[in-house]
There are 2 protein chains.
Amino acid sequence: MNAVTIKDVAHAAGVSPATASRVLSGNPATSPEARERVEAAAKNLNFLPNAQARSLRSTKTDTIALLISDVRNPYFSDLAHAVEQHARAAGLMTFIGNANEDAAQQDDFLATMLSRRVDGMIVVPQGLGEQAGNASDMLRRVVDSKIPMVFVDRTLSDVSIPHVTAESHAALGQAVATLKAHGHRRIAFIGGPEHASTALERHQAFDAALEANGLSTNPDLHFAGDFRPASGADGARWFLANEHRPTAVVIADAPMAIGALRVWREAGARIGTDFSVVSFDEVDALLMHEPPIATISHDLEAMGRAAVQALRSVMNKEAVAPVELNSSFTLRASVGAAPEKGNHMEGTARS
Amino acid sequence: MNAVTIKDVAHAAGVSPATASRVLSGNPATSPEARERVEAAAKNLNFLPNAQARSLRSTKTDTIALLISDVRNPYFSDLAHAVEQHARAAGLMTFIGNANEDAAQQDDFLATMLSRRVDGMIVVPQGLGEQAGNASDMLRRVVDSKIPMVFVDRTLSDVSIPHVTAESHAALGQAVATLKAHGHRRIAFIGGPEHASTALERHQAFDAALEANGLSTNPDLHFAGDFRPASGADGARWFLANEHRPTAVVIADAPMAIGALRVWREAGARIGTDFSVVSFDEVDALLMHEPPIATISHDLEAMGRAAVQALRSVMNKEAVAPVELNSSFTLRASVGAAPEKGNHMEGTARS
DNA sequence: TTGTACGCGTTATCAT
DNA sequence: ATGATAACGCGTACAA
């Protein structure tokens, strides 16, 4: 195909391959004359260096890998976009990999990236279903390989890697305080899978917010989903069937919220009237809902930027401290007053 | 980092590098004994072949590139997901590139992929703003390089490359017929940028649908957007300001529809009552809207599958015919009866 | 079946 | 500043 090599360029320019190489890779030890002739020849022949050979020799690829768990989740595609833009600004190409919520695909991608000798990796680590929060063998192998790596969004408990995450306490505190101000006392939580550190953090932050607002936590009001729409739908049905139905619910990610809202719509529930809803992730689908859903959101632009910056520090062998970004709560019409009377036989608020 | 090479494996197994290579690449000319020892050594040392070196030698990478125009558009992330899954099934790794609606980024990605010697490329071609529907110099260079390539979703007029696209006539025919059955006669169209072949195709299909239903086309009822939310918002304002307001509007993609619906919501318009809306792309945000928006959609799973299959054919030097997928229309509550009386001073339907 | 030797395209080294 | 040479890690003719 593109059989034009640096030798051809050198020949056309009347210099040695070494000189051509120096010119083309910006080595200052070149004469202006050689520079001019080589560049002309290269442009003339449409020379495109073979990245394989180049990095085989130089042991760098100017490429990083980004492993996310689901391209189709707007949360992660926003993150991917931010990482890509900032990496690009730093002269780094980004390979986006999609674990597809599947440990096997995660491992595949990791192996491929390792064999391609990327200069670094930004990873949203998948916990394994079985071993909660622990690294897979492949991930451990990547860690052992000492390739520069940072975790983003999530962390893993059994491995020490710099990470960029987001806290939820601030926003959940505001959310719960707001709900309480509207008269809500029984607030349910539809959470994520235990193997994701974000699921754990959000759950804990929720409980902390309840206590900070003088409400008692209640395991019965917690539904364990898996961050995906179907489990949100299950959670919605669980919520409706609750024998002493809460007056509000907080949902730990947008895909679950979307699944839940579908169910509630079909059931004829009036969000913001019959009960109130707050969800994580500020995505179009939640804002389009009528009424628009109050959200807890993280700055994914900032997260992507911080992740790239952290990775570059690691690549430069600089020390890097963990980064924890803030969360923000935006009140919208899906939060209304708690119903005066219970929707079921039971009374209203509880002690 | 991972300094373990095939030599190390060979040494540990007590064979020559050549034998180790043969074993590891499945060459049948190996003794069971050698096979066993080499495989044991490889596993033991955590050997991972250097992809750079391997493909430098073998001139294949088992990798394809997918260039889309916007990761954050669900339409394209669905497509990316489908391509990735089918490529994976065929033993191909996919590099997803994000042109970010920017010709420079498209060219960057193309150059990088070319220099990495991917085995093939699936491209959603970006037209340049200036030269409508024409290939950029870089894209032309890629074409000249003879690297296996197929276009997906869009095509380019000045270059001959196999493509997988989707037609809109069937669904738009149904959509317009449905609108007409509901009494609509003046139907607006918010279209995409001319340099995208899909924008052109959808516009033409819309006009054809009008004529097929005995309605006359009217350039005044066409608004030229750019497939992005802000232009959809502009289109929505244009629609409201129309001196003889149409009773229905068809929008050519979801991002524009979302932008438009925001404006209409703020303006207090009642979709499905004041006027009816049909949009391309069946995405969560449109389904979550109240009322849910009637959609014209394409099967992106099928599109991704067809694209991968077409590319594999090209890679095998087989002939490949262009593929055109069907569209489907789903009626939802955003389509209602045309208002009996004009919302403005003018009367109702027109001749 | 196995080993030796060479080359893929590039850059680092060491001379000059 | 430039050129000759070796080497990156791997696969494959060729010879044995």
Side-chain angles (χ1 to χ4, degrees), chain A residues 1-39 41-42 45-63 111-119 145, chain B residues 1-39 41-42 45-63 111-119 145:
Chain A
M1 320 254 178
N2 202 319
V4 39
T5 78
I6 202 170
K7 282 184 187 174
D8 302 322
V9 174
H11 185 77
V15 298
S16 75
T19 300
S21 170
R22 281 187 276 257
V23 169
L24 295 171
S25 51
N27 188 317
T30 50
S31 67
E33 185 196 343
R35 220 170 302 157
E36 184 174 0
R37 298 178 59 188
V38 169
E39 276 162 5
L45 298 177
N46 267 344
F47 171 69
L48 207 54
N50 183 319
Q52 323 272 357
R54 183 201 283 265
S55 57
L56 176 60
R57 187 58 233 234
S58 64
T59 63
K60 62 192 288 281
T61 55
D62 291 325
T63 299
T112 305
M113 290 300 110
L114 218 47
S115 78
R116 285 184 194 266
R117 305 298 191 267
V118 293
D119 293 342
S145 80
Chain B
M1 324 253 176
N2 202 321
V4 40
T5 77
I6 202 169
K7 282 184 187 172
D8 302 322
V9 174
H11 185 77
V15 299
S16 75
T19 300
S21 170
R22 282 187 274 258
V23 168
L24 295 171
S25 50
N27 188 318
T30 50
S31 68
E33 185 196 341
R35 223 171 297 157
E36 185 174 359
R37 299 178 58 188
V38 169
E39 277 162 3
L45 297 177
N46 267 344
F47 171 69
L48 207 55
N50 184 319
Q52 323 272 355
R54 183 200 283 264
S55 58
L56 178 60
R57 187 56 234 246
S58 62
T59 62
K60 62 192 286 281
T61 55
D62 291 325
T63 300
T112 305
M113 290 301 109
L114 218 46
S115 78
R116 283 181 196 270
R117 305 297 190 267
V118 293
D119 293 342
S145 81

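Below, chain A is the first sequence line, B the second, and so on; all start at residue 1.
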**OP:** Only counting residues at least two apart or in another chain, list the ones meeting salt bridge (Lys or Arg N to Asp or Glu O under 4.0 Å) with B/Lys7.
**Re:** none
Original post:
Going by number, which of residues 29-36 of chain B have a non-hydrogen atom under 4.0 Å from DNA chain C?
Top reply: B/Ala29, B/Thr30, B/Ser31, B/Ala34
Subject >> Footprint string (nucleotides 8-16 of chain D, 5' to 3'): B base within contact, S backbone only, - free, heavy atoms under 4.0 Å >> reply: BBBBBB---
Subject >> Listed partners of A/Ser55 passing side-chain hydrogen bond (donor to acceptor under 3.5 Å, both in side chains), at least two apart >> reply: B/Gln52
Subject >> Under the salt bridge (Lys or Arg N to Asp or Glu O under 4.0 Å) test, residues paired with A/Asp8 that sit two or more places apart >> reply: none
Subject >> All side chain to side chain contact (heavy atoms under 4.5 Å, CB included) counterparts of B/Glu39, not counting sequence neighbours >> reply: B/Val23, B/Arg35
Original post:
Should B/Val4 and B/Asn46 count as side-chain neighbours, where that means a heavy-atom distance under 4.5 Å?
Top reply: no
Subject >> B/Thr5 side chain reached by B/Asn50 side chain, heavy atoms, under 4.5 Å >> reply: no
Original post:
Considering all heavy atoms of both residues, which atom of A/Ser145 and which atom of A/Leu114 are nearest to each other, and what is their separation?
Top reply: OG-CD1, 3.8 Å
**OP:** Could you pull out all residues at least two apart from B/Arg22 that satisfy salt bridge (Lys or Arg N to Asp or Glu O under 4.0 Å)?
**Re:** none
Original post:
Contacts to DNA chain C from residues 8-16 of chain B, heavy-atom cutoff under 4.0 Å, which residues?
Top reply: B/Val15, B/Ser16
Original post:
Closest approach of A/Lys60 and A/Asp62, non-hydrogen atoms and distance?
Top reply: NZ-OD1, 3.0 Å
**OP:** Using chain B heavy atoms and a threshold of under 4.0 Å, write down where along DNA chain C the contacts begin and end, 5' to 3'.
**Re:** C/dT1 to C/dG9
Original post:
Hey, are the side chains of B/Pro49 and B/Leu24 touching, using non-hydrogen atoms and a 4.5 Å cut-off?
Top reply: no
Original post:
Hey, what bend do you get for the helix from C/dT1-D/dA16 to C/dT16-D/dA1 if you fit axes on five pairs at each end, rounded to 10°?
Top reply: 40°
Original post:
When rounded to the nearest 0.5 angstrom, what distance separates CZ in B/Arg54 from OG in B/Ser21?
Top reply: 8.0 Å
Original post:
Just how far is it from atom CG of A/Leu45 to atom CD1 of A/Ile6, taken to the nearest 0.5 Å?
Top reply: 12.0 Å
Subject >> With A/Thr63 via side-chain hydrogen bond (donor to acceptor under 3.5 Å, both in side chains) - residues at least two apart >> reply: B/Arg116
Original post:
Sequence neighbours excluded, which residues qualify as side-chain hydrogen bond (donor to acceptor under 3.5 Å, both in side chains) partners of B/Ser16?
Top reply: B/Thr19
**OP:** Measure across A/Ala53 and B/Leu56 and return the closest heavy-atom pair with its distance rounded to 0.1 Å.
**Re:** CB-CD1, 3.8 Å
